[in-house]
There are 2 protein chains.
Amino acid sequence: MIAEGKVITSSQELGQRLGLSSAQIRKDLSQFGEFGKQGTGYNITFLAEQLRRILKVDQLWNIALVGAGDLGRAVANYGGFFDRGFRITKVYDIDPQKIGQRIGGFIIHDVASMAADIRKTKIKIAMLAVPAADAQSVTDKLVEAGIQAILCYAPVSLKVPESVKIQYIDPVLRLQHMTYYVS
Amino acid sequence: MIAEGKVITSSQELGQRLGLSSAQIRKDLSQFGEFGKQGTGYNITFLAEQLRRILKVDQLWNIALVGAGDLGRAVANYGGFFDRGFRITKVYDIDPQKIGQRIGGFIIHDVASMAADIRKTKIKIAMLAVPAADAQSVTDKLVEAGIQAILCYAPVSLKVPESVKIQYIDPVLRLQHMTYYVS
DNA sequence: TAGATTGTTAATCGATTAACAATC
DNA sequence: TAGATTGTTAATCGATTAACAATC
């Protein structure tokens, strides 16, 4: 809407664009504050700012990448993170052959130094691109070191304390979500 | 459970492992049939077979990949599809420089021939790894050609008819789902 | 002032859970 | 036969929607 040059919107328009009812929009927003004006609606830039603040995407997050194989390399080379508030600051692998080499401009560090690094630099988010068989043990180390969120590229289900958030990137799972509907 | 050598399970055990109530397990399964035995529970291999059939993941699905840039190359080289019932059979790009070359063992074909190919081969699922700016126009062509499900790697929101299913792979979106909970 | 739209309360709807007859 | 667990109905819970006073 900002790109379209619009200044004000309403719960009705937001609902229409998002496929929700206007009541849902107002109810959800009201959980976090009063962002609109009666009779007028919502100022779009103000609302966007508030939403970014609420979701904590109004800052730059540092990320540790674990795993420098094919998948890790693809992730490290992906250019879409920085623009959208995320920055890989460290890359780790366990393979002595890889340690010291570079991928995507990052030096590959030894996982042995990972826990201490993460504690020191207070990195909160990690991306996991290790083989499925290693994912749980690496996760345990990350959690122990104070990581609070993990984006996991391995096709496994990780066990973590409730306080740690996990999201998975598994293209096959996404495909499987759709086959049911395909005839 | 199969790997663990177990033969029979119950709605209670399934619920426990999945973080759901036993009633939820029974209710959901009963939507599709009667898979258990009173007093005994569910035969695990039989249940798994039935679930695969219901979800249509008991077959090999052919997939068209559109876009042979960095992302497309990574997708084409990803070895995890075939084992899990998906096979890329065609790769397309619009760049004359790329057409005829190979990525991940696939010859890159001209998008100009895509619609006719898809109609002829009856491919139902496509993966989209084109620049965000091209995603909608390519999607329109795919839908027109009869594609029923699209896995989109571009960070955009695609407009498609209700009958077409879409799933997105956007690591930044996944990261943004977690920042709210990170302190 | 009249019209429009918010934030919120009350009503409705649908999903989850509890309970139990059926039966292995 | 006694114990266990299913599939399903009824009860409960929570989420969505409708309605409206407040007010810009």
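Values below: every heavy atom of this structure, side chains too, minus hydrogens, waters and symmetry copies. Within every chain, numbering begins at 1; the chains are lettered A, B, ... in the order of the sequence lines, protein sequences first and strands thereafter.
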Q: Could you tell me how far apart A/Arg26 (CZ) and D/dT16 (P) are, to the nearest whole angstrom?
A: 15 Å
Q: Whole Å only: how far is the CG atom of A/Asp28 from the C1' atom of C/dT8?
A: 14 Å
Q: Between the side chain of A/Tyr181 and the main-chain N/O of B/Gln148, is any donor-acceptor distance below 3.5 Å?
A: no
Q: Between A/Ser21 and D/dT17, does any side-chain N or O lie under 4.0 Å from OP1 or OP2?
A: yes
Q: Does the A/Ser21 side chain pair with the main chain of A/Gly15, one donor and one acceptor, at a distance under 3.5 Å?
A: no
Q: Between D/dT17, D/dT5, D/dT23, which one does the side chain of A/Gln24 approach most closely?
A: D/dT17
Q: Indicate yes or no for a side-chain donor-acceptor contact from A/Asp134 to the backbone of A/Val130 under 3.5 Å, with no hydrogens or angles considered.
A: no
Q: Side chain of A/Ala23, heavy atoms from C-beta onward: which of C/dC24, D/dA18, C/dT6 has the nearest atom to it?
A: D/dA18
Q: What integer distance in Å separates A/Phe46:CZ from C/dT6:C1'?
A: 14 Å
Q: Could you tell me the separation between the CD atom of A/Gln31 and the P atom of C/dG7, rounded to a whole number of Å?
A: 12 Å
Q: Taking side chain as C-beta onward, heavy atoms only, is B/Ser11 less than 4.5 Å from B/Tyr42?
A: yes
Q: What's the closest nucleotide to the side chain of A/Lys27 if the choices are D/dG7, D/dT6, C/dT8?
A: C/dT8
Q: What is the distance, rounded to the nearest whole Å, between atom CD1 of A/Ile25 and atom C1' of D/dA18?
A: 16 Å
Q: Can you measure A/Ile8 atom CD1 to C/dT6 atom C1' for me and round it to whole angstrom units?
A: 13 Å
Q: CD of A/Gln38 versus C1' of C/dT6: gap in Å, rounded?
A: 4 Å
Q: Starting from P on D/dT16, measure out to CG on A/Leu20 and report it in whole angstrom.
A: 9 Å
Q: So if I take every side-chain heavy atom of B/Tyr42 and compare against D/dT8, D/dT6, C/dG7, which nucleotide ends up nearest?
A: D/dT6
Q: Which nucleotide, in any strand shown, forms a Watson-Crick or G-U wobble pair with D/dA21, with both distances under 3.5 Å?
A: C/dT6
Q: Taking the side chain of B/Glu34 as heavy atoms from C-beta outward, which of C/dC24, D/dC24, D/dG7 is closest to it?
A: D/dG7
Q: Please determine if A/Arg84 and B/Asp170 form a salt bridge, counting it only when a charged side-chain N lies under 4.0 Å from a carboxylate O.
A: yes
Q: C/dC13 pairs with which nucleotide, Watson-Crick or G-U wobble, both distances below 3.5 Å?
A: D/dG14
Q: Name the closest nucleotide to the A/Lys37 side chain, picking from D/dT8, D/dC24, D/dA19.
A: D/dC24
Q: The side chain of B/Ser11 is closest to which nucleotide in this list: D/dT6, C/dT6, D/dG7?
A: D/dT6
